[in-house]
Amino acid sequence: MEELTTFQRIYEVVKEIPYGKVATYGQVAALAGNRHLAKVVGYALHVNPNPVIIPCYRVVNAKGEVSKAFAFGGVNRQIELLEKEGVQFLEDGSVDMEVSRWAKLVF
DNA sequence: GACCTGACCAATT
DNA sequence: TAATTGGCCAGGT
């Protein structure tokens with residue numbers, strides 16, 4: 001029952017991303033268990049079984065860039081949603097990881 | 001039933 | 001400095 005698969009763990013972490021913050025694939029992967037799961041995180045979001053509870057748009061790569069294969073209605077839409085949430089973007093069009101990066105406190 | 005791919009990241013050569 | 005490989009999981013062919 002409590003046997004959460006890596007995918008489930010990834011979803012749990014992604015769902016914990018707070019409003020106005022973003023997390024990187026590597027960070028989510030690390031919180032899910034192993035940082036090597038970064039690729040799995042991308043695939044997990046790709047299958048995105050619950051786009052309603054899983055804010056994939058809050059997950060960006062290490063460069064702060066959103067996925068080009070965004071499946072919500074357009075990459076620009078994703079950026080716009082983040083911008084409305086208070087996420088700061090750079091002139092490069094990427095997320096300001098220095099400010100909007102999700103600081104997950106683990107105890 | 002097995003092999004390959006996929007929205008990645010970081011270290012190494 | 002840049003390019004390549006290694007690592008993990010699940011789904012599709």
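This structure is a prediction, so every number in the text was calculated from the model and none was measured. Reminder, nothing fancy here: chain letters follow the sequence lines and each chain counts from 1.
- Applying the side chain to side chain contact (heavy atoms under 4.5 Å, CB included) rule to R35(A) yields the partners A30(A); only residues at least two apart in sequence or on another chain are considered.
- Closest to the side chain of T5(A), out of dA7(B), dC8(B), dA10(C), is dA10(C).
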Can you name the atoms? Protein N/O to nucleotides 11-13 of chain C N/O, anything below 3.5 Å, with the distance.
{"from": "dG11(C)", "atom 1": "O4'", "to": "Y43(A)", "atom 2": "OH", "distance (Å)": "3.1"}

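- Computed from coordinates, the M97(A) CE to dC8(B) C1' distance equals 13 Å when rounded to whole Å.
- What you find for Q88(A) and S100(A) is that their closest heavy atoms are N-OG, 3.1 Å.
- Closest approach of S94(A) to K63(A), counting heavy atoms only: CB-O, 3.7 Å.
- Side-chain atoms of Q27(A) come within 3.5 Å of backbone N or O of W102(A) as a donor-acceptor pair.
- Here the separation of dA10(C) from dA10(B), taken at their C1' atoms, is 23 Å to the nearest Å.
- For the contact set between residues 9-17 of chain A and DNA chain C, defined by any heavy atom under 4.0 Å, there are no members.
- Distance noted for atom C1' between dA2(C) and dA7(B): 24 Å (whole Å).
- Between the CD atom of Q27(A) and the C1' atom of dA10(B) there is a distance of 15 Å, given to the nearest Å.
- Looking only at atom types and distance, the side chain of E80(A) has no donor-acceptor partner in the side chain of Y57(A) under 3.5 Å away.
- The list of side-chain hydrogen bond (donor to acceptor under 3.5 Å, both in side chains) pairs with a residue in residues 12-22 of chain A, not counting sequence neighbours, reads E12(A)-K15(A), E16(A)-K104(A).
- Distance alone, capped at 3.5 Å, places no donor-acceptor pair between the T24(A) side chain and the N61(A) backbone.
- Contact of the P49(A) side chain with the F7(A) side chain is not registered, since no non-hydrogen atoms from C-beta on lie closer than 4.5 Å.
- Between the side chain of D96(A) and the backbone N or O of E98(A) there is at least one donor-acceptor pair closer than 3.5 Å.
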Pairs under 3.5 Å (N/O, protein and nucleotides 4-8 of chain C):
{"from": "dG7(C)", "atom 1": "O6", "to": "K39(A)", "atom 2": "NZ", "distance (Å)": "3.3"}
{"from": "dG7(C)", "atom 1": "N2", "to": "H36(A)", "atom 2": "O", "distance (Å)": "3.3"}

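- Among all heavy-atom pairs drawn from Y25(A) and S67(A), the shortest one is OH-CB, 3.8 Å.
- Remark: A29(A) engages L37(A), A38(A), V41(A) in a side chain to side chain contact (heavy atoms under 4.5 Å, CB included) (not counting sequence neighbours).
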